[in-house]
Number of protein chains: 2
Amino acid sequence: MSNFEVFFDYIQEISGKLLSEDDKRLLMAHFKPRKLRKRQYFLQEGDVCKYIGFIVKGSARTFTVDEKGHEHILKLSLENWWLADFESFYLLKPSRFNIEALEDLEVLQSTNAQIEEFLKQIPAFSAMANVISQNYTIANQKRMQAAMSYTAEERYEDLISNYPQFLQRFPQNMIASYLGLSPETLSRIRKNSFK
Amino acid sequence: MSNFEVFFDYIQEISGKLLSEDDKRLLMAHFKPRKLRKRQYFLQEGDVCKYIGFIVKGSARTFTVDEKGHEHILKLSLENWWLADFESFYLLKPSRFNIEALEDLEVLQSTNAQIEEFLKQIPAFSAMANVISQNYTIANQKRMQAAMSYTAEERYEDLISNYPQFLQRFPQNMIASYLGLSPETLSRIRKNSFK
DNA sequence: AAATGCACTTGATATAGGTCAATTCACGAT
DNA sequence: ATCGTGAATTGACCTATATCAAGTGCATTT
C-alpha cells in the first residue's frame with residue numbers, strides 16, 4: 001500500500017466519511033512526502049514549526065532541553081500520528097521543542113495555510129480534525145491527571161495498558177523520560193514488578 | 001450586561017465573526033442559565049457529564065479523589081471558560097472527576113447534541129470552537145511540559161506570570177493542589193521568594 | 001577477535017517535597 | 001465581643017525519586 005493510500009484510509013476511518021477522487025487529488029498535490037533517517041530532526045528548537053507531518057512509517061520523540069542540559073520527552077509518536085509543535089505551528093512562534101526521528105521516518109507534510117484549505121474544502125478532513133481534537137483533549141486530560149495523581153509505578157503500569165506498543169518500539173531510557181523518571185528509577189520499577 | 005450579551009460578545013471576539021439575530025435566537029433557545037451556590041457540584045464523579053457550561057460569573061474546580069482520599073485539582077476555571085469533563089461529555093462515559101463551584105456560579109449550559117447543531121448552523125460558533133481547540137492544545141502542551149521539567153518553585157512562578165488572577169480568586173490550598181503540591185510546600189515556597 | 005560504544009542494571013548517597021502535628025490567623029455566625 | 005471553623009504557617013521527620021559511580025551485557029565497527 002502506498003503512503004497516500006495509508007493516509008486516505010486513515011482519514012476515512014477516523015472521520016467516518018469517504019474522500020472523493022477530487023479530495024484525494026487535492027491532498028496528493030499539497031502533502032509532500034519527506035524521509036528522515038534515524039537521529040535526524042523534523043524540528044529544531046528555535047525554528048518555527050512550518051510543517052505538520054502525518055507519520056506513515058517510523059517513530060519520533062518531541063523533547064525539550066532544560067538549563068541543566070537534561071532532556072524531557074513530551075511526546076512519543078508512531079505511525080498514524082501527527083507530528084508538530086502545535087504552539088509554534090498555529091502561532092508561528094519559534095519552538096521550544098525538538099522533534100527527532102527515533103527510527104527511519106516517513107511523513108507526509110503540509111503547511112498551516114494548506115491545512116486551512118483542506119478544512120474548508122474537504123468535509124472528511126474537517127470531520128477528522130474535529131475527532132482528533134477531541135481525542136487529544138481527552139488524552140491530555142488523562143495524562144495530566146496521571147502526572148499529578150499517580151506514583152512512578154502507577155504511571156508505568158498505565159503506560160503498559162494504554163500504549164503497549166511503546167515497550168516494543170522505544171528504548172527504556174526514552175520511556176523513562178516520557179514518564180518523567182530517571183532511567184535508573186524505571187529500571188528498578190521493572191525489577192520489582194517482576195518478582 | 002445580561003448573561004447572554006456577555007456570551008455573545010465572547011463568541012464574536014474569539015471567532016472574529018459576527019452573530020446574526022437568528023444565531024442569537026438559536027443560542028438563547030438552547031443554552032440554559034443555571035446557578036450554583038458555592039460548594040455545589042456541577043458534576044459528580046460517576047455521573048455522565050451531560051452538559052457543557054460557559055461560565056458567566058464565578059469560579060470552579062475540577063478534581064479527582066484518589067484511593068487515599070487525597071484530592072487533586074486538574075483545572076481551575078473562571079469567567080469566560082468552559083466547564084466540562086470532555087472525556088465524559090464526548091464519549092458519554094461516567095466521569096472520574098468532580099466539578100465544584102468555588103464561588104457562587106452562573107453558567108449557560110447545553111448538551112452535546114445541541115453543540116453539534118450549533119457547530120453546523122452557526123459559523124461564528126464553529127470558528128470559535130476551532131480557536132478554542134487550538135488554545136487548549138497549546139495550553140495543555142505547556143502545562144504538561146511545566147509538570148515534567150519544572151521544579152515546584154518554577155511552576156509557581158509560571159502560574160503567577162500566566163494566571164495572576166488565580167492568586168486573587170483561589171485560596172492557597174487550591175492553588176497548591178492545582179500545582180501538584182502540598183499546601184505546606186506552597187507556603188514555604190512563598191515564604192522563600194519574599195525574602 | 002578486539003575494541004568501541006550504548007543501553008541497562010545495581011548500589012550508595014543526596015534531596016525535593018510529602019506527612020504529621022502543633023500553632024496562629026482570619027472571619028463569619030451567634 | 002466571643003466562639004468556632006477552616007486556612008495558613010512552622011517545625012520535625014520521612015519517603016520517593018534523583019544523582020553519581022561503577023559494572024555488565026550486547027551490538028557494531030574495525
Side-chain angles (χ1 to χ4, degrees), chain A residues 37-40 59 61 63-73 76 100-104 144-160 166-195, chain B residues 37-40 59 61 63-73 76 100-104 144-160 166-195:
Chain A
R37 309 269 317 276
K38 188 174 173 168
R39 301 271 153 77
Q40 282 190 300
S59 60
R61 64 177 179 136
F63 68 100
T64 45
V65 182
D66 69 22
E67 329 76 63
K68 287 165 211 137
H70 295 159
E71 297 180 352
H72 303 272
I73 295 182
L76 290 170
E100 182 199 28
L102 288 179
E103 303 169 319
D104 290 351
M144 202 61 225
Q145 192 216 343
M148 306 229 355
S149 331
Y150 292 179
T151 64
E153 186 162 355
E154 289 167 334
R155 293 205 302 279
Y156 179 63
E157 277 155 14
D158 209 44
L159 178 94
I160 292 176
F166 279 19
L167 301 182
Q168 265 62 57
R169 296 289 290 276
F170 299 112
Q172 204 169 301
N173 56 351
M174 298 288 163
I175 290 182
S177 174
Y178 176 76
L179 292 172
L181 298 175
S182 68
E184 292 94 333
T185 297
L186 182 55
S187 172
R188 288 185 245 261
I189 284 172
R190 286 167 49 88
K191 191 178 162 192
N192 288 334
S193 59
F194 276 132
K195 63 149 191 312
Chain B
R37 310 269 316 278
K38 188 174 174 171
R39 300 272 155 77
Q40 281 191 299
S59 60
R61 64 177 180 137
F63 67 100
T64 46
V65 182
D66 69 22
E67 328 76 62
K68 286 164 212 137
H70 294 158
E71 298 181 352
H72 302 272
I73 296 182
L76 289 171
E100 182 200 27
L102 289 178
E103 303 169 319
D104 290 351
M144 203 60 224
Q145 192 215 344
M148 307 230 353
S149 330
Y150 292 179
T151 63
E153 185 162 357
E154 289 167 333
R155 293 205 303 278
Y156 179 62
E157 279 156 12
D158 208 44
L159 177 95
I160 292 176
F166 279 19
L167 301 183
Q168 265 63 56
R169 297 288 291 274
F170 300 112
Q172 205 170 301
N173 57 350
M174 299 288 164
I175 291 183
S177 175
Y178 175 76
L179 292 171
L181 298 175
S182 69
E184 292 94 334
T185 297
L186 181 55
S187 172
R188 289 185 244 261
I189 286 172
R190 285 166 51 88
K191 191 177 161 192
N192 288 334
S193 59
F194 276 131
K195 64 144 187 310

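None of these values were measured; they are calculated from a predicted model. Residue numbers start from 1 in every chain, and the chains themselves are labelled A, B, ... in the order their sequence lines are given, proteins ahead of strands.
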### Message
Could you tell me how far apart A/Phe170 (CZ) and C/dA7 (C1') are, to the nearest whole angstrom?
### Response
16 Å
### Close side-chain approach of A/Thr64 and B/Ser149, heavy atoms under 4.5 Å
yes
### Task
Let me know the distance between CD of B/Glu71 and C1' of D/dG6, rounded to the nearest Å.
14 Å
## Note on the structure
Atom CG of A/Asn192 and atom C1' of C/dT9 are separated, to the nearest Å, by 13 Å
### Message
From C-beta outward on A/Pro171, which listed nucleotide comes closest to its side chain: C/dA7, C/dT19, D/dA18?
### Response
C/dA7
### Query
For the side chain of B/Asn173, counting heavy atoms from C-beta on, which of D/dA7, C/dG11, D/dA12 is nearest?
D/dA7
## Note on the structure
Here the distance between atom P of D/dT17 and atom NE2 of A/His70, to the nearest Å, is 18 Å
### Query
Salt-bridged, B/Glu103 to B/Lys38, with N to O below 4.0 Å?
no
### Query
So do the side chains of B/Phe166 and B/Ile160 get within less than 4.5 Å of each other, counting heavy atoms only?
no
### Message
For A/Tyr156 and A/Arg190, which I'm curious about, is there any donor-acceptor pair between the side chains at under 3.5 Å?
### Response
yes
### Query
Side chain of A/Ser182: nearest nucleotide among D/dA18, C/dG18, D/dT9?
D/dA18
#### Entry: Evaluation steps, side chain to side chain contact (heavy atoms under 4.5 Å, CB included), between B/Leu186 and B/Gln172
CA-CA 8 Å; B/Leu186 181 55; B/Gln172 205 170 301; 3.7 Å; yes
### Any N/O donor-acceptor pair, B/Arg188 side-chain to C/dT19 base, under 3.5 Å
yes
### Message
Could you tell me how far apart B/Leu186 (CG) and C/dT19 (P) are, to the nearest whole angstrom?
### Response
15 Å
#### Entry: Under-4.0 Å side-chain N/O to phosphate OP1/OP2 contact, A/Thr185 with D/dT17
no
### Task
Could you state the atom-to-atom distance from NZ of A/Lys68 to C1' of C/dT15 in whole Å?
12 Å
### Message
Given the structure, check if the side chain of A/Glu184 and the base of D/dC20 hold any donor-acceptor pair shorter than 3.5 Å.
### Response
yes
### Query
CD of A/Glu154 versus P of D/dA16: gap in Å, rounded?
12 Å
### Message
So, does A/Lys191 get its side chain near the phosphate of C/dT10, meaning an N or O under 4.0 Å from OP1 or OP2?
### Response
yes
### Task
Send over the distance from A/Leu102 CG to C/dA7 P, rounded to a whole Å.
11 Å
